Chemist: 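Just dropping this structure here.
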Amino acid sequence: MKFRSIKGTKDILPEETGRWQHVEKVVRSVMGRSNYREIRTPIFEETALFARSIGELTDIVTKEMYTFADRSGDSLTLKPEGTASVLRAALQHNLTEQAPLLKLYYQGPMFRQERPQAGRLRQFHQFGAEALGSPSPQLDVEIILLPLHVYRELGVRPLTLVINSVGCEKCRPAYREQLIAMLMTVYDQLSPESQARVKQNPLRVLDSKDDQDRKVTQTAPLIKDHLCMECKTHFDHVQSLLHATGAPFTVDGRLVRGLDYYTKTAFEITSSALGSQDALAGGGRYDLLVEELGGKSTPGVGFAAGLERLMIVLEKTGAPVDDQRGPDLFIAAVDEASRRWAFTRTEELRRKGFAVETDFLQRSLKSQMREANRQRARWVLVIGEKELKAGTAQLKNMLGGEERTVTLNDLESALA
RNA sequence: GUGGCCAUAGUUCAGUUGGUUAGAACGCCAGGUUGUGGCCCUGGAGGUCGUGGGUUCAAGUCCCACUGGUCACCCCA
């Protein structure tokens, strides 16, 4: 075997595509009911778009992007996440000017060059949504509920929703200084990763999984306790609205997401059915991002959810697999003349809307019956010299096994 | 990028302190029914034991390197 798929990429095989199609259908349905319209953007963009939106110093931009120069020398990047492309497209086509509120969703492949592990691939798929134009906490909650609706409809049960507020440009700077000051007092005890973050992105130090880091930062101030009036009110509203909708959640003052553009609300949905990479979906509000990308100041909220991780959970929790249905009819033929008849009749019946299969390997009748059984055909039509002459055929029901002679003209009504 | 574990038929695996024709189950093919599936029975095909080197009289088995997979760290979907 010479060629293999690239490290961290995966073929989705026929036995799995049924599940994927089902999930995609549910996503479309949920999004449609909440009035989000689909947008499809290219899988690559100019590199600067991602650097600008995600943040120059984030892990994604500094070490995980698939970046390359095309033949003209332009720096292009395979999209590592969906928000940047969606906003770029919305701005490019002035979508935000056509109505005060714009609600979009997407579904598609993303690329990040990380070391693969359970629930993490180099090419993976996400579905997500972006809502542009309203600062209302209602919209934050609508966005949080979107993936939850999808999960509920798919029967994904053990889920954890965690939310936090990361403040805004008014309250974050002061808090940030205070946090840095505190972190400096324990600097020596922090992990190397966290030490590096103190200056670049101190909030992420609090989100560290390192036990030692956790211990030393026990007494660190939390942003949720230092929000400005506006952010605090907003956060309170988000919580009370979530309560009102009955969605269970917890507040984690240390939750910070890896993308720089979030303001106010940040959230994450995790599942215990996953391994170490347990985030099923994440998102938040980004009121400054549109302006950052050259649009006029427009508030926004969004989320992204991983499809592969969802598939893992669906598989583990034994949610129903909609196994592929077999053909309505398998036409088995025993000699050359009837084989020819079988093929033309197969095509004719397909044209009329029936799922029909026939033999292509010139196999024995017994083998054709086995094949029909393997494919879970509901009926088998056996045709040979006798039948061809008489204008009849043997129609066998593969469930009960009973067989009868039908005239060829009766076939369609017998199937229907 | 760092580290642990793993690598034998299509698949899941076995392979005794290194010992001569590398096995099983499932799957696949065919026959048992000269025109009839599922269950059962019989037979068959299918493997450069990941690749390259080394140790040895002898390597699937031991050693090294590489490649790939996997899990974890980092971070995230």
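Because the structure is a prediction, the values reported are computed rather than measured. Within every chain, numbering begins at 1; the chains are lettered A, B, ... in the order of the sequence lines, protein sequences first and strands thereafter.
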Chemist: Using a heavy-atom cut-off of 4.0 Å across all strands, would you classify A:K7 as base, sugar-phosphate, or nothing?
Modeler: sugar-phosphate

Chemist: Just checking A:Q368: base, sugar-phosphate only, or nothing, at a heavy-atom cut-off of under 4.0 Å?
Modeler: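 It contacts nothing in the nucleic acid.
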
Chemist: Quick check: closest heavy atoms across A:D359 and A:F330, and the distance to 0.1 Å?
Modeler: N-CZ, 3.8 Å

Chemist: Within this structure, what is the NZ-to-C1' distance between A:K396 and B:U36, rounded to whole angstrom?
Modeler: 5 Å

Chemist: Within the structure shown, what part of the strands sits under 4.0 Å from A:R120 by heavy-atom distance: base, sugar-phosphate, or nothing?
Modeler: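 Result for A:R120 = base.
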
Chemist: Quick one: label A:G119 by what it contacts on the DNA or RNA (base, sugar-phosphate, nothing), any heavy atom closer than 4.0 Å.
Modeler: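 A:G119: base contact, heavy atoms under 4.0 Å.
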
Chemist: Provide, to the nearest angstrom, the distance between the CG atom belonging to A:L146 and the C1' atom belonging to B:A77.
Modeler: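 It works out to 16 Å between those atoms.
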
Chemist: A:V334 has a side chain; which of B:G35, B:G69, B:G37 sits nearest to it?
Modeler: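 Closest nucleotide among those given: B:G35.
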
Chemist: Contact class for A:E114 vs. all strands (heavy atom < 4.0 Å): base, sugar-phosphate, or nothing?
Modeler: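 Counting heavy atoms under 4.0 Å across all strands, the contact made by A:E114 includes a base.
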
Chemist: C1' atom, B:C13 versus B:U51: distance in rounded Å?
Modeler: 23 Å

Chemist: Quantified in whole Å, what is the P atom distance between nucleotide B:C41 and nucleotide B:C26?
Modeler: 9 Å

Chemist: Using only side-chain N and O atoms of A:Q117, determine if any of them is under 4.0 Å from OP1 or OP2 of B:C71.
Modeler: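 No, because none of the side-chain N or O atoms of A:Q117 sits under 4.0 Å from OP1 or OP2 of B:C71.
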
Chemist: Mind checking whether A:Y262 and A:Y286 have parallel, tilted or perpendicular rings, split at 30° and 60°?
Modeler: tilted

Chemist: I want to verify a distance call: between B:C29, B:G37, B:U36, whose nearest atom is closest to the A:M398 side chain?
Modeler: B:G37

Chemist: So what does A:A372 touch, heavy atoms closer than 4.0 Å: a base, only the sugar-phosphate, or nothing?
Modeler: nothing

Chemist: Do we see a donor-acceptor contact under 3.5 Å between the side chains of A:E142 and A:Q138?
Modeler: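 A:Q138 and A:E142 do not have a side-chain donor-acceptor pair below 3.5 Å.
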
Chemist: Could you tell me if the side chain of A:T41 sits less than 4.5 Å from the side chain of A:K79, heavy atoms only?
Modeler: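 Counting from C-beta outward, A:K79 and A:T41 do come under 4.5 Å.
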
Chemist: Rounded at 0.5 Å granularity, tell me how far CZ in A:R363 sits from CG in A:L365.
Modeler: 11.5 Å

Chemist: I'd like to know if A:R345 and A:E348 make a salt bridge, using a cut-off of under 4.0 Å between side-chain N and carboxylate O.
Modeler: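 Salt bridge between A:R345 and A:E348, a charged N being under 4.0 Å from a carboxylate O: yes.
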
Chemist: Base, sugar-phosphate or nothing for A:L395? Non-hydrogen atoms, less than 4.0 Å.
Modeler: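 Nothing, no heavy atom under 4.0 Å.
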
Chemist: Which residues in residues 38-51 of chain A have at least one heavy atom lying under 4.0 Å from any atom of RNA chain B?
Modeler: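 Listed by number, there are none.
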
Chemist: Measuring to OP1 and OP2 of B:C73, would you say a side-chain N or O of A:Q277 lies under 4.0 angstrom away?
Modeler: yes

Chemist: Of the options B:A77, B:G35, B:G32, whose atoms approach the side-chain atoms of A:R257 most closely?
Modeler: B:A77

Chemist: Have A:Q212 and A:S191 got a donor and an acceptor in their side chains that come within less than 3.5 Å?
Modeler: no

Chemist: Find which nucleotide of RNA chain B each of A:G283 and A:A118 is nearest to by heavy atoms, and output the residue with the more 5' nucleotide.
Modeler: A:A118

Chemist: Would you indicate what A:I60 reaches in the nucleic acid, counting non-hydrogen atoms under 4.0 angstrom: base, sugar-phosphate, or nothing?
Modeler: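 Since no nucleic acid heavy atom lies under 4.0 Å of A:I60, the category is nothing.
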
Chemist: With no hydrogens and no angle check, just 3.5 Å: does a side-chain donor-acceptor pair link A:E46 and A:T77?
Modeler: no

Chemist: Among side-chain atoms of A:R33 and A:S29, is any donor-acceptor pair under 3.5 angstrom?
Modeler: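 The criterion, which ignores hydrogens and geometry beyond distance, is satisfied for A:S29 and A:R33.
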
Chemist: In terms of the nearest nucleotide of RNA chain B, which residue is placed more toward the 5' end: A:K10 or A:Q126?
Modeler: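 Its nucleotide being nearer the 5' end, the pick is A:K10.
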
Chemist: Find the distance A:Q375:CD to B:C28:P and express it as a whole number of Å.
Modeler: 12 Å

Chemist: Ignoring hydrogens and geometry beyond distance, is the side chain of A:N373 in donor-acceptor contact with the base of B:G37 at under 3.5 Å?
Modeler: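 Yes, the side chain and the base share a sub-3.5 Å donor-acceptor pair.
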
Chemist: To the nearest Å, how far apart are A:W379 CH2 and B:G38 C1'?
Modeler: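 In whole Å, B:G38 C1' and A:W379 CH2 are 17 Å from each other.
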
Chemist: Between A:R363 and B:A30, does any side-chain N or O lie under 4.0 Å from OP1 or OP2?
Modeler: yes

Chemist: I'd like the C1' distance from B:A24 over to B:G47, given in whole Å.
Modeler: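 14 Å, rounded to whole Å.
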
Chemist: Just say parallel, tilted or perpendicular for the rings of A:H226 and A:Y175, cut-offs at 30° and 60°.
Modeler: tilted

Chemist: Starting at atom CE of A:M110, determine the distance to atom P of B:A77, rounded to an integer number of angstrom.
Modeler: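 Taking CE of A:M110 and P of B:A77, I get 11 Å after rounding.
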
Chemist: Can you tell me how far P of B:U70 sits from CD1 of A:I312, to the nearest Å?
Modeler: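 So the CD1-P distance, A:I312 to B:U70, works out to 11 Å.
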
Chemist: In whole Å, measure the gap between the P atoms of B:G69 and B:U12 for me.
Modeler: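 B:G69 and B:U12 have their P atoms separated by 15 Å.
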
Chemist: Less than 4.5 Å apart, any side-chain heavy atom of A:F267 and any of A:I143?
Modeler: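 Side chain of A:F267 against side chain of A:I143, heavy atoms only: contact under 4.5 Å found.
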
Chemist: Sort by first number and list every stem of RNA chain B: at least 3 consecutive Watson-Crick or G-U wobble pairs, both distances under 3.5 Å.
Modeler: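 Correct response: B:1-7 with B:67-73, B:10-13 with B:23-26, B:28-32 with B:40-44, B:50-54 with B:62-66.
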
Chemist: Considering just the side-chain nitrogens and oxygens of A:K63, establish if one lies under 4.0 Å of OP1 or OP2 belonging to B:C74.
Modeler: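 Indeed not, no polar side-chain atom of A:K63 lies that close.
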
Chemist: May I ask you to check whether A:D410 and A:S413 show a side-chain donor-acceptor distance below 3.5 Å?
Modeler: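 Side-chain D/A pair, A:D410 to A:S413: absent.
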
Chemist: Is A:S364 near enough to B:G35 that one of its side-chain N or O atoms lies under 4.0 angstrom from OP1 or OP2?
Modeler: no

Chemist: Would you mind classifying the nucleic acid contact of A:E81 as base, sugar-phosphate or nothing, using non-hydrogen atoms under 4.0 angstrom?
Modeler: nothing

Chemist: With a non-hydrogen cut-off below 4.0 angstrom, is A:R115 in contact with a base, only sugar-phosphate, or nothing?
Modeler: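 Base contact.
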
Chemist: Rounded to whole angstrom, note down the P distance from B:A7 over to B:G15.
Modeler: 11 Å

Chemist: Hydrogens and angles aside, do A:E45 and A:S85 bring a side-chain donor and acceptor to less than 3.5 Å of each other?
Modeler: yes

Chemist: Roughly how far apart, to the nearest Å, are B:U33 and B:C39 at atom C1'?
Modeler: 15 Å

Chemist: Answer with base, sugar-phosphate or nothing: what part of the nucleic acid does A:L121 contact at a heavy-atom distance below 4.0 Å?
Modeler: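 Result for A:L121 = base.
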
Chemist: At 4.0 Å (heavy atoms only), tell me whether A:S367 reaches a base, stays on the sugar-phosphate, or touches nothing.
Modeler: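 Answer is sugar-phosphate: A:S367 comes under 4.0 Å of backbone atoms only.
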
Chemist: Testing the 3.5 Å rule here: is there a donor-acceptor pair between the side chains of A:R254 and A:T217?
Modeler: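 Per modelled atom types, A:R254 and A:T217 side chains form a pair under 3.5 Å.
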
Chemist: With sugar-phosphate meaning primed atoms plus P, OP1 and OP2, does A:Q113 contact a base, only sugar-phosphate, or nothing at under 4.0 Å between heavy atoms?
Modeler: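 Since no nucleic acid heavy atom lies under 4.0 Å of A:Q113, the category is nothing.
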
Chemist: Between P on B:A77 and OH on A:Y105, what's the gap in Å once rounded to a whole number?
Modeler: 21 Å

Chemist: Distance check, P atoms only: B:A22 and B:G46, in whole angstrom units.
Modeler: 14 Å

Chemist: Should A:R4 be listed as having a side-chain N or O under 4.0 Å from OP1 or OP2 of B:G50?
Modeler: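 No, outside the criterion.
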
Chemist: Quick one: A:D11 CG to B:G10 P, roughly how many Å, whole number?
Modeler: 18 Å

Chemist: Among the nucleotides B:C73, B:G31, B:U36, which one has an atom lying closest to any side-chain atom of A:S276?
Modeler: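 For A:S276, the side-chain atoms sit closest to B:C73.
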
Chemist: Work out how far the P atom of B:U61 is from that of B:G54, and round it to whole angstrom.
Modeler: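 These two P atoms come out 14 Å apart once rounded.
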
Chemist: Considering only side-chain heavy atoms of A:E371, which listed nucleotide, B:A77, B:C29, B:G37, is closest?
Modeler: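 It is B:C29.
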
